[in-house]
Amino acid sequence: MKKVEAVIRSSKFEQVKQALHEIEVNFFIYYPVHGVGNTDSETSVWRGVTYAAESIRRTKLEILLQDQNVEKVIQAICDNARTGDVGDGKVLVENVEYLIRVRTGEASHEGL
Amino acid sequence: MKKVEAVIRSSKFEQVKQALHEIEVNFFIYYPVHGVGNTDSETSVWRGVTYAAESIRRTKLEILLQDQNVEKVIQAICDNARTGDVGDGKVLVENVEYLIRVRTGEASHEGL
Amino acid sequence: MKKVEAVIRSSKFEQVKQALHEIEVNFFIYYPVHGVGNTDSETSVWRGVTYAAESIRRTKLEILLQDQNVEKVIQAICDNARTGDVGDGKVLVENVEYLIRVRTGEASHEGL
Amino acid sequence: MEEKIAQIAVTTFTVNNLWMMVSTFLVFIMHLGFATLESGFTQSKNTVNVLFKNVMVVAIGLLTYTLVGFGLMYPGTDFAGQVFAFGGFGLSLPANGITDAYNPGYTYWTDFLFQAMFAATAATIISGAVAERVKLEAFLIFSVIYVAICYPITGYWKWGGGWLNTMTTPFYDFAGSTLVHSVGGWGALAGIILLGPRIGKYVNGKAHPIPGHSMPLAVIGTFLLWLGWFGFNGGSVLSANPGSVSLVLVTTSLAASAGAAGAFFTSFFISKKHDLGMALNGILGGLVAITAGADQMGVTDAILVGLIGGVLVVLAVIFFDKLQLDDPVGALSVHLVNGVWGTLAVGLFGAKAGSAQIVSQLIGISAIGAFSFAFAFILFFVLKATMGIRVSEKEELEGLDKYEHGMSAYEFGELSA
Amino acid sequence: MEEKIAQIAVTTFTVNNLWMMVSTFLVFIMHLGFATLESGFTQSKNTVNVLFKNVMVVAIGLLTYTLVGFGLMYPGTDFAGQVFAFGGFGLSLPANGITDAYNPGYTYWTDFLFQAMFAATAATIISGAVAERVKLEAFLIFSVIYVAICYPITGYWKWGGGWLNTMTTPFYDFAGSTLVHSVGGWGALAGIILLGPRIGKYVNGKAHPIPGHSMPLAVIGTFLLWLGWFGFNGGSVLSANPGSVSLVLVTTSLAASAGAAGAFFTSFFISKKHDLGMALNGILGGLVAITAGADQMGVTDAILVGLIGGVLVVLAVIFFDKLQLDDPVGALSVHLVNGVWGTLAVGLFGAKAGSAQIVSQLIGISAIGAFSFAFAFILFFVLKATMGIRVSEKEELEGLDKYEHGMSAYEFGELSA
Amino acid sequence: MEEKIAQIAVTTFTVNNLWMMVSTFLVFIMHLGFATLESGFTQSKNTVNVLFKNVMVVAIGLLTYTLVGFGLMYPGTDFAGQVFAFGGFGLSLPANGITDAYNPGYTYWTDFLFQAMFAATAATIISGAVAERVKLEAFLIFSVIYVAICYPITGYWKWGGGWLNTMTTPFYDFAGSTLVHSVGGWGALAGIILLGPRIGKYVNGKAHPIPGHSMPLAVIGTFLLWLGWFGFNGGSVLSANPGSVSLVLVTTSLAASAGAAGAFFTSFFISKKHDLGMALNGILGGLVAITAGADQMGVTDAILVGLIGGVLVVLAVIFFDKLQLDDPVGALSVHLVNGVWGTLAVGLFGAKAGSAQIVSQLIGISAIGAFSFAFAFILFFVLKATMGIRVSEKEELEGLDKYEHGMSAYEFGELSA
Ligand SMILES: Nc1ncnc2c1ncn2[C@@H]1O[C@H](COP(=O)(O)OP(=O)(O)O)[C@@H](O)[C@H]1O
Ligand SMILES: Nc1ncnc2c1ncn2[C@@H]1O[C@H](COP(=O)(O)OP(=O)(O)O)[C@@H](O)[C@H]1O
Ligand SMILES: Nc1ncnc2c1ncn2[C@@H]1O[C@H](COP(=O)(O)OP(=O)(O)O)[C@@H](O)[C@H]1O
């Protein structure tokens with residue numbers, strides 16, 4: 001089983017969520033993170049001083065998937081999170097040894 | 001060494017923490033996340049419109065463990081995070097290559 | 001490719017960020033977490049009751065790296081996040097199967 | 001002895017003027033009420049923008065009203081019964097402007113400041129309705145013109161002594177259900193129509209709620225508005241007359257309370273939850289509704305007018321969502337619907353009730369409604385055609401704070417990181 | 001000439017009434033103070049619930065007091081010296097209700113509104129003490145009955161001219177340390193006992209702090225309460241008498257300041273930290289303490305009464321925690337303990353000090369305490385036996401906002417996501 | 001009849017005193033304004049600390065002023081024209097202290113309380129400037145001494161009847177651009193110099209912004225300060241004189257509005273963004289600037305004085321950053337720069353304009369500036385040498401709340417976890 005982690009623009013989150021639901025990916029978690037990196041230059045101002053924001057707000061998604069679904073999920077995320085400007089984010093794939101469903105205690109190596 | 005990640009109901013967090021302390025698991029991190037998934041139906045209301053909350057608040061724990069301790073930690077989490085209703089969450093196990101303690105710089109493959 | 005995850009004191013974050021930039025690590029994400037563990041004893045007070053704060057605020061960094069860069073990044077983090085007191089945090093290394101850049105859709109096993 | 005007796009008139013004038021100054025402060029604090037209410041009911045990514053509009057509208061509104069508005073609205077007694085009149089630019093202290101020869105209730109300066117605080121309210125009402133998508137500059141230009149020209153003209157029709165005031169059965173609007181609140185409400189309607197809904201608000205014809213980001217701010221706003229209303233209505237007595245002012249305070253409070261109760265029960269009936277946002281809007285609905293007849297109602301009248309106002313707010317919010325008119329803070333339901341209801345209620349309840357009055361009320365509601373809606377629509381339309389009135393999609397999605405202001409309303413990073 | 005002289009009385013009446021109206025506004029704003037203080041001192045998962053209670057208590061309190069309370073509390077002079085009396089339902093303007101023949105200090109309407117704002121306070125005090133676990137409907141029903149019946153009855157004993165006022169040495173409670181604050185405090189105690197502590201508050205007999213979620217809200221609340229107290233105490237002079245009112249404002253401010261100082265030093269001595277929550281409670285403790293004798297104290301008396309009040313608050317918070325009486329916002333320490341202390345202080349400090357007065361104060365404290373505690377206990381008990389007064393464990397753990405209100409107080413997702 | 005006529009004087013006195021009490025309330029609420037503004041403009045890890053300082057400064061300031069300050073500042077008419085005088089410790093009601101024989105405008109108690117609320121302001125201004133790094137105890141000791149001694153001495157020079165008031169062309173400072181705001185500003189400057197900037201504020205000579213954590217709090221603060229200024233300036237008329245007070249309210253409001261406009265345009269010109277923080281500071285700058293001559297300016301004068309004030313604020317913020325004087329909330333730009341500007345403006349605009357007045361204004365600005373800067377510098381220096389005035393690096397980085405107070409200002413864990 002795999003864990004797909006995606007760091008995307010927060011403003012694209014709703015669209016990505018819809019796209020995931022359309023391909024029947026209904027379970028995942030997400031949370032806000034700060035991204036440091038190449039981004040569309042955003043100038044911030046505080047009390048007369050203009051400065052480059054050193055980090056930007058991004059949303060991170062974590063999705064647990066059976067191996068065969070990884071491909072299409074990545075596709076869905078990339079297609080929907082893309083604006084074409086620098087700063088669209090990254091998706092990565094990690095291996096998960098196994099997974100337990102708290103409610104039942106059942107464990108699985110392929111995903112639930 | 002393993003990393004156990006658990007996504008549980010926030011309202012069960014205190015109980016899980018106590019249970020972990022009881023089996024001498026004293027170090028971990030946690031943070032709030034939004035869970036999308038099968039949950040006990042929660043209806044929200046905003047200005048007269050009733051709608052299904054599209055995500056729910058969950059707490060995610062990350063615990064680094066020596067391989068032999070994984071079993072009992074999962075047990076403790078499942079036993080204490082369970083309500084029996086849909087939405088109790090998931091626990092997953094990942095492999096960690098190695099770990100460094102910042103204070104001393106010492107590295108370990110089994111855990112500290 | 002590797003993912004380095006570090007949990008450090010939030011007050012050391014700025015210094016670590018500068019150090020990472022100096023060794024040309026310009027891309028990463030970070031977010032606040034609660035750490036449970038051995039820490040410099042912090043006493044909190046609420047309405048006359050003194051109690052040990054059960055968790056402390058830490059910042060977690062996630063950095064994706066080509067394998068050969070892991071070493072020096074860990075070094076930079078440890079050197080700059082260290083105060084020498086208990087509670088300086090941990091750094092861990094995980095394996096990442098592959099990475100996709102959302103903007104272009106290009107995938108890589110070594111890092112981008 | 002003679003002198004001492006002369007002092008009586010001065011002291012009486014001083015008391016009246018003191019009350020009007022206190023009322024002015026109370027109306028002033030309504031602007032903080034609007035700022036907190038509107039920012040509480042909108043998303044945190046647009047909070048700086050909402051606050052900025054509310055701050056600048058007060059400042060610019062006061063300056064504009066100084067320059068043009070006051071002269072248009074109160075051109076002086078030489079211009080009674082007309083449709084349009086202008087007393088000149090700027091402020092100039094008339095002879096006797098600081099004695100009771102000017103007015104037994106207040107000095108020229110107090111008069112101006114009290115009226116100026118009112119004027120800025122109309123623009124502020126609109127700011128909530130168009131929030132989270134309107135271009136800042138376009139909105140500020142709109143506000144300047146609306147406060148400088150539209151609000152004073154319709155205000156003159158009644159309070160300035162214009163034609164609505166000289167009809168056989170004069171139109172009655174004690175403190176501005178129509179002259180202030182509906183005028184704001186009609187402007188809001190025009191803005192909402194021309195702007196369209198926020199992205200994601202209506203998906204496949206269904207309303208998709210976009211919850212506000214801070215209920216404490218919304219509650220602070222509502223209480224401050226209620227407080228301010230004591231001056232808004234109480235000051236509209238235009239003197240400290242003990243009987244009249246204290247009656248107005250009682251009807252105002254009871255209508256607000258009944259509005260809360262009306263919205264509480266209606267919304268619970270509909271959604272089976274205790275909807276705080278609706279309770280707050282119910283209070284405001286009750287307040288707007290009582291405004292037109294606060295001095296004409298008895299205790300029971302006031303409670304009924306407020307109660308119906310509270311029920312109407314809830315139904316109106318749902319109704320406007322059906323029409324896909326996206327009003328983030330409920331400005332239409334509170335200020336337009338209850339402005340109309342309250343004005344009409346003067347013909348149905350209380351001392352002035354009667355069919356002749358109903359007709360006059362309908363004339364006033366329609367005339368002012370038509371004028372101010374048309375004015376606002378044309379103005380927004382011209383702005384839309386020229387500079388544009390809506391921010392880009394990208395800006396709307398990522399938040400107006402980031403692009404227009406280069407800052408966030410909140411920085412909790414340091415705290416929880 | 002005659003007419004001008006008659007104007008003197010009218011103007012004097014107008015000034016007095018103006019002051020009482022201003023005081024009414026100040027007491028009104030205390031409700032926003034309570035709303036912000038109580039929500040700041042409780043957890044964010046229950047914030048909507050806390051705010052909702054505070055908003056509805058004002059609205060319902062005003063309506064209830066209109067219908068029943070005012071008639072019970074001020075039945076009129078025909079009912080002097082009794083234990084129970086009722087002047088009739090609703091409000092009806094008496095002859096001369098808007099002239100100084102009714103009262104030299106205010107009109108009937110002002111009288112009612114000032115008193116009604118007071119009445120709602122007692123219920124609001126309770127709302128903080130039972131927060132985070134009480135069922136909303138049960139609390140609202142409790143409030144209605146408490147404000148409609150219990151508060152007016154004990155209020156009548158003293159302020160309405162009942163038996164406590166006609167004793168040889170009359171019981172003295174200037175602005176309500178006992179009649180308002182203790183009455184709220186006793187009700188809070190009954191509620192706390194019957195509800196039990198919040199889950200997790202006492203583990204193995206040790207108090208486990210549950211910190212409040214927003215110190216800025218708590219500070220806003222405290223300052224607004226202090227501001228409101230100028231009207232609460234200052235208005236209790238019942239006229240604008242320059243000497244009396246200004247003395248009351250000074251004693252009130254100095255007691256508040258001394259309360260802050262008392263709590264500051266006491267809590268630093270105990271915990272070696274600068275405890276903001278305690279400083280805020282110290283201010284409130286000082287304010288409650290001075291309330292009974294604000295017009296009878298000199299400068300030094302006021303400072304001492306406030307200082308002791310501030311010390312008492314800190315000790316009482318710790319004491320109640322020892323007894324496992326879970327009071328999230330410190331309502332018992334502030335309103336009950338200092339209500340008793342302040343009432344007693346009238347017999348110990350200032351112009352009325354003396355043993356006869358001490359006895360009278362003790363009689364008043366005990367009689368009103370016994371009646372209101374019993375009333376509240378029975379009422380909560382009946383509610384507990386019938387509809388239940390506590391939410392389910394699940395609801396308490398996940399937050400009342402989610403289940404009772406279907407919303408969160410804050411939505412920062414958009415911001416930081 | 002005689003009696004009725006005597007009542008005229010009493011009633012007149014009552015009205016004047018009532019106005020002064022209302023002004024006192026308004027000045028009081030400025031302290032909440034400062035608390036919210038300063039906490040909004042600083043980081044959330046230091047919020048409890050900022051709030052704590054603001055709360056305690058009011059409490060301690062009132063007590064201190066009771067004990068020493070009032071006697072130093074208003075020693076009585078026997079001490080006219082001097083440099084230093086002392087009327088005695090504590091408060092003691094003079095004969096006729098509660099009639100118009102004391103003063104036609106207010107009682108002794110009102111006098112004291114109004115002045116005491118002013119006094120605490122000067123210390124509060126400093127608290128913002130030294131925020132996020134000053135040691136709490138050191139700051140509180142500083143405040144006590146500053147409010148007890150420095151502020152009253154320079155205050156006496158003018159308002160207490162000292163030498164600045166008895167010059168041929170007396171120095172003019174209507175409500176305290178210099179006597180209150182600059183005195184606070186000079187103290188702030190001394191503190192900033194001796195403390196040094198916050199860690200990370202200036203890196204390689206470049207200013208690195210440290211954004212404040214809550215714009216809603218900052219907006220609440222600004223509106224409350226504007227509200228409070230109605231009492232600060234309006235109350236400085238020292239009676240309810242209708243013409244004078246209402247003129248002052250108008251000039252105050254227009255200067256505030258023009259200040260917002262000035263800062264709005266200047267900051268947009270500089271940064272191409274709509275800088276909310278600057279707009280808020282612009283309002284405050286306009287208010288401080290008009291304070292010295294609020295009763296001497298016409299409508300256009302007031303607008304110009306405020307407009308220039310708003311422009312100055314923006315330029316001054318940038319200027320002080322160039323000098324690496326780290327002022328988290330802009331206290332120097334608002335209170336010091338505009339305090340000086342406003343005082344000078346009395347010689348340039350309005351009824352008193354003229355070269356003799358300019359000279360007197362410069363004398364007053366310099367004398368008071370020199371004295372209060374020197375006083376503050378020496379006092380901070382002694383504190384630095386003895387107990388230390390700055391927290392440890394660790395404490396500053398992790399936040400003062402954690403170490404000095406053992407708590408966080410916000411606990412949202414429960415909410416979003
Ligand atoms: N090596 C990395 N480790 C962790 N996060 C990264 C890494 N590289 C990029 N990111 C995250 O992805 C975001 C977008 O990536 P970036 O490289 O700036 O844009 P693009 O992929 O369009 O070139 C960054 O803001 C950062 O948060
Ligand atoms: N595949 C997944 N990837 C990531 N998170 C998941 C996944 N499945 C479930 N979760 C998280 O666990 C929570 C509970 O899971 P759910 O399936 O709804 O309940 P249950 O396990 O009781 O059937 C979800 O809200 C979601 O946040
Ligand atoms: N096994 C673990 N799993 C997850 N997080 C941990 C683990 N051990 C430590 N941490 C995190 O690192 C922080 C510091 O670690 P700690 O052991 O207290 O200090 P030190 O490494 O200096 O001995 C802890 O607060 C905790 O958040």
Side-chain angles (χ1 to χ4, degrees), chain A residues 3-18 20-21 25-64 81 83 85-87 89 96 99-103, chain F residues 37 40-43 128 200-203 205-213 215 218 263-282 284-285 310-322 324-334 412 416-417:
Chain A
K3 181 163 84 167
V4 171
E5 297 190 358
V7 176
I8 60 169
R9 294 177 189 276
S10 300
S11 55
K12 283 289 179 180
F13 173 72
E14 275 298 315
Q15 191 180 328
V16 169
K17 186 172 75 177
Q18 298 309 333
L20 289 172
H21 284 337
V25 174
N26 293 318
F27 306 96
F28 57 89
I29 61 169
Y30 65 94
Y31 47 96
V33 299
H34 299 268
V36 175
N38 284 337
T39 58
D40 39 349
S41 73
E42 291 176 17
T43 25
S44 292
V45 178
W46 178 251
R47 304 185 63 65
V49 183
T50 305
Y51 61 108
E54 296 188 351
S55 72
I56 45 171
R57 277 143 179 169
R58 293 286 179 257
T59 297
K60 181 174 165 190
L61 284 77
E62 297 187 10
I63 316 171
L64 297 169
T83 67
D85 294 337
V86 170
V96 171
L99 177 71
I100 298 96
R101 185 192 287 263
V102 171
R103 178 157 50 92
Chain F
L37 181 76
F41 272 168
T42 49
Q43 299 167 83
K201 180 64 202 280
Y202 301 104
V203 184
K206 255 200 73 198
H208 179 93
I210 304 180
H213 87 282
M215 287 301 114
F264 171 76
F265 288 116
T266 312
S267 66
F268 188 76
F269 181 79
I270 290 174
S271 67
K272 304 287 170 280
K273 299 273 179 185
H274 297 298
D275 190 333
L276 178 58
M278 285 299 194
L280 300 179
N281 272 184
L284 300 178
V311 174
L312 280 178
V313 161
V314 179
L315 301 180
V317 165
I318 295 168
F319 173 73
F320 288 120
D321 256 349
K322 284 264 152 53
Q324 307 211 357
L325 293 170
D326 181 19
D327 178 7
V329 305
L332 297 181
S333 313
V334 169
F412 287 130
S416 50

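Atom set for the values below is all heavy atoms of this structure, side chains included, hydrogens, waters and symmetry mates excluded. Residue numbers begin at 1 in each chain, while the letters A, B, ... track the order of the sequences.
A/Val4 places none of its side-chain heavy atoms less than 4.5 Å from the side chain of A/Phe28.
Considering only heavy-atom pairs separated by less than 4.5 Å from chain A, the leading option among F/Ile318, F/Ile210, F/Ile270 is F/Ile210.
When all heavy atoms of F/Phe41 and F/Ala218 are compared, the pair lying nearest together is CE2-CB, 3.8 Å.
Heavy-atom distances place no part of F/Leu276 under 4.5 Å from chain A, backbone and side chain included. F/Val314 does not touch chain A: none of its heavy atoms, backbone or side chain, sits under 4.5 Å away.
Counting non-hydrogen atoms of neighbouring residues, nucleotides and ligands closer than 6.0 angstrom, the CZ atom of F/Phe319 reaches no more than 12 such neighbours.
Within the structure, the side chain to side chain donor-acceptor pair (under 3.5 Å) test picks out the following pairs touching residues 268-282 of chain F (sequence neighbours left out): A/Arg47-F/Asn281, D/Glu137-F/His274.
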